[in-house]
4 protein chains.
Amino acid sequence: MAKNVAPDSTRRSEKSRRAIYDAALALVGEVGYPKTTIEGIAARAGVGKQTIYRWWSSKAEVLMEAFLDLGEQAGGESYAIPDTGDLAADLKAVLRATVDELKDPRFEVPSRALAAEGVVNEELGRKFVEKLLEPSLQLYVARLRSAQQAGDVRPEIDPRIALELFVSPLAQRWLQYSGPISYEYTDTLVDYALYGLAPR
Amino acid sequence: MAKNVAPDSTRRSEKSRRAIYDAALALVGEVGYPKTTIEGIAARAGVGKQTIYRWWSSKAEVLMEAFLDLGEQAGGESYAIPDTGDLAADLKAVLRATVDELKDPRFEVPSRALAAEGVVNEELGRKFVEKLLEPSLQLYVARLRSAQQAGDVRPEIDPRIALELFVSPLAQRWLQYSGPISYEYTDTLVDYALYGLAPR
Amino acid sequence: MAKNVAPDSTRRSEKSRRAIYDAALALVGEVGYPKTTIEGIAARAGVGKQTIYRWWSSKAEVLMEAFLDLGEQAGGESYAIPDTGDLAADLKAVLRATVDELKDPRFEVPSRALAAEGVVNEELGRKFVEKLLEPSLQLYVARLRSAQQAGDVRPEIDPRIALELFVSPLAQRWLQYSGPISYEYTDTLVDYALYGLAPR
Amino acid sequence: MAKNVAPDSTRRSEKSRRAIYDAALALVGEVGYPKTTIEGIAARAGVGKQTIYRWWSSKAEVLMEAFLDLGEQAGGESYAIPDTGDLAADLKAVLRATVDELKDPRFEVPSRALAAEGVVNEELGRKFVEKLLEPSLQLYVARLRSAQQAGDVRPEIDPRIALELFVSPLAQRWLQYSGPISYEYTDTLVDYALYGLAPR
DNA sequence: TTCTAACCGAGACGGTACGTCCGGTCTTCAA
DNA sequence: TTGAAGACCGGACGTACCGTCTCGGTTAGAA
């Protein structure tokens, strides 16, 4: 029967793709992820359902690409981490910016939706991490390596693990509503992580 | 006409409730959360749909209670955190046990399902935290307070925040597939958290 | 997994059935059979699609039953064939009435639709004949038998075949648009059939 | 802007036309008329959909022309009606041949499909009659006129109507499955029609 | 002989309806 | 009065085709 032929992407309609991204993000923002339906996206985008099914295999995938696309066009290369020489101050500044972003509804609803889907759908979760999460984390890795050269962080520390000490707590509180989020909180995280819990 | 009267819980069928819990957990384990349906639970439990709708308002709630019930009958009061006087060793031991639990499929699928639902459904998320997550975390709070009295942790440290330095990274790696999980990893987390990243 | 259980017809909603019949007949009359859809019937009847699929297996079947039902409630026992003793006059009268009915749009559209479907769908065709066509034809059989006893029709004639000489031509002209239909035409058919083509 | 220009038939691809006819007839024979789709015909014929839409306006039209074409190339001018001088024998012979043809599946499926479509689609129905049915019937007209000149049929009889007495019953039994078809049956029809039902 | 206009295969597109599945409500009957 | 059973309305699912619309490519006849 061989009908599972891959579609010809050179003939893909750019206009439709954009319309689908826009509709998907708008709907997720307006009615939430679970009430966002493929039918709804298609209708809002003025597109046939088949045009969605032809290029994506689930609404999670649509939303993921829409979100990536949003980041690409809007963010440029997102925001780098400053390197003023004062590690604690630099980290606190970035985390404060992250706090703001996490509370911005423009990003919050689709991020949550994707994160939630990723929890339950391993493939999507890994793609989410690879495409969105890890690139951001690598910025911390770079900053921590720089701090190691400056002697501000012990050389035997693995930066990829180290960054989790202050990033993951914030992430968890946000994702799971397991605690309030504030500048004070993130400042505290940085201090604890840099200087440890034990007496010095 | 008023039909929205709360059902009389004294006449509730205990057998049905157990059957529903069992069916819900079994289905989530077998086909995953999204393919678990209320109809499916009802059929498997040999129960009418109305019996589910009468006592719960969503499949997330059913699963949540089923999971709580599982914990209650099985875990007793879960496992406490040992207090041998060696804080680092105690924390490493508990986190190693947690690693094992996170990899046990009996717990993994429903936990993930609930966590994911909680990400996107704030009400459920808060209940999840309150009923399942926070009680566990309080065990760490207690252990850290004890360590403060023993002088192993600086007195100005807030234990509720401190525990996140080693608990949240593990939680995030597990939830979001953002990194591998191992005894080595959790041991490292404890060391970093206790002694900080900065040179001592 | 054994979901093909027959529905329980004692609990069937009479109101829905009637609404579906009405909607089906109305739609066929308004937009024609090919543009009548199950979704359209369901929407017009204010009924879920599943309620149609639960009780019928195709739109042809729905329409068939709707039409039968129409006949039952409206027609009583349809119209009998008069027996005045004058066979030719009686047949001519009935055929004239049939001509009028065939031209009545209230009956024409659904009849055509069913007949057409029956041409191509043997099962439905046979049901159509059994439930609608044959009972009418049997009235002619009875009248012809009476004529045989009166000596107006030769005794060796098979009435079931004989009636086709004047009924089938009319049916064919109507069904296939193969010729005009008029009182004159049907009168002629009766004369030809009774007295034959050959010189007497 | 005007794009509704009639296509230039001198540049038409004969190969495509033949392939479309073949595919249409093959598909109707294999899966039946309703499951025969334009897309299916195009795919089977190795032809773009537009090539079909350019030259025909519906699948009924395609099939009609395919069928006409089949008749032309295969049948020659179909079969004439013999004129041996014995009218009854001649008619019986032709009707017996018709019985055989009606039971030949090579003709049956597309004929039924066209007839059914014609029942419900007046335009197509009339074309069907004009192109296929009426030419055949005219052969009977000719034979009956000859019989009138020979004195075997009363002169005031209208041959176009007369032929329906034996042709239409057969047609109806076939089309509507309203009765069995056999040589005996058609022989009887001829006898009844020629000599009438009334006592001579 | 080159240009250009059309047909052609292919298939993406906006749509409509399909037949299925399930959500959540309501009704019936047995215990 | 609870509970099992399941019919009901509604609505999304993912698929199949519809008829329209590009997109190269090929294949004439006109320049």
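This one's a predicted model, so the numbers in the text were calculated from it and none came from an experiment. A note on names: the letters A, B, ... follow the listed sequences, proteins ahead of strands, and every chain is numbered from 1.
- B/I41 has its CD1 atom 14 Å from the C1' atom of E/dG24, to the nearest Å.
- Following rounding to the nearest Å, B/I38 (CD1) and E/dC21 (P) show an atom-to-atom distance of 18 Å.
- E/dC21 atom P lies 16 Å from atom NZ of B/K59, rounded to whole Å.
- Between C/R44 atom CZ and E/dA17 atom C1' there is a gap of 18 Å when expressed in whole angstrom units.
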All N/O donor-acceptor pairs, side-chain side in residues 42-50 of chain D, below 3.5 Å, sequence neighbours left out:
residue: D/R44; atom: NH1; partner: D/E30; partner atom: OE1; Å: 3.1
residue: D/R44; atom: NH2; partner: D/E30; partner atom: OE2; Å: 2.8
residue: D/K49; atom: NZ; partner: D/E39; partner atom: OE2; Å: 2.9

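- The local environment of CD in C/E108 is crowded, with over 12 non-hydrogen atoms from other residues, nucleotides or ligands closer than 6.0 Å.
- No cation-pi contact links A/K127 to B/Y177, judged by a cut-off of 6.0 Å to the six-membered ring centre and 45° from its axis.
- The distance between atom NZ of B/K35 and atom P of F/dG14, rounded to the nearest whole Å, is 10 Å.
- Contact between the side-chain N/O atoms of A/T10 and the OP1/OP2 oxygens of F/dC23 is not found at any separation under 4.0 Å.
- Scanning residues 25-34 of chain A for heavy-atom distances under 4.0 Å to DNA chain E yields an empty list.
- A salt bridge links B/R126 and B/E122; the closest N-O separation between the charged side-chain nitrogens and carboxylate oxygens is under 4.0 Å.
- No cation-pi contact links C/K131 to C/F67, judged by a cut-off of 6.0 Å to the six-membered ring centre and 45° from its axis.
- Contact check on C/D69 versus C/R18 returns a salt bridge, with a Lys/Arg side-chain nitrogen under 4.0 Å from an Asp/Glu carboxylate oxygen.
- In terms of position on DNA chain E, the residue among A/G46 and C/E39 whose nearest nucleotide sits closer to the 5' end is A/G46.
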At a cut-off of 3.5 Å, list every protein nitrogen or oxygen paired with a nitrogen or oxygen from nucleotides 4-7 of chain E, distance to 0.1 Å.
residue: E/dA6; atom: O4'; partner: D/R11; partner atom: NH1; Å: 3.1
residue: E/dC7; atom: OP1; partner: D/D8; partner atom: N; Å: 3.0

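- Under the 4.0 Å criterion applied to side-chain N and carboxylate O atoms, A/E14 and A/R17 are assigned as salt-bridge partners.
- Protein atom NZ of A/K15 is 12 Å distant from nucleotide atom C1' of F/dC21, rounded to whole Å.
- Residue-to-nucleotide proximity on DNA chain E shows that, of D/A42 and A/G48, the 5′-proximal contact is made by D/A42.
- In this structure, A/R11 forms no cation-pi arrangement with A/W55, as its terminal cationic atom is not both closer than 6.0 Å to the ring centre and no more than 45° off the ring axis.
- With hydrogens and angles left out, the side chain of B/K49 and the base of E/dG24 share a donor-acceptor pair within 3.5 Å.
- As a whole-Å value, the separation of B/W56 CH2 from E/dG23 C1' is 17 Å.
- The side chain of B/T37 contributes no N or O atom lying less than 4.0 Å from OP1 or OP2 of E/dC21.
- The base of F/dC21 is paired with the side chain of D/Q50 by a donor and an acceptor separated by under 3.5 Å.
- Rounding to whole angstrom units, OH of residue B/Y53 and P of F/dA4 are separated by 15 Å.
- C/L27 has its side chain out of reach of C/T37: every pair of non-hydrogen atoms, C-beta onward, lies at least 4.5 Å apart.
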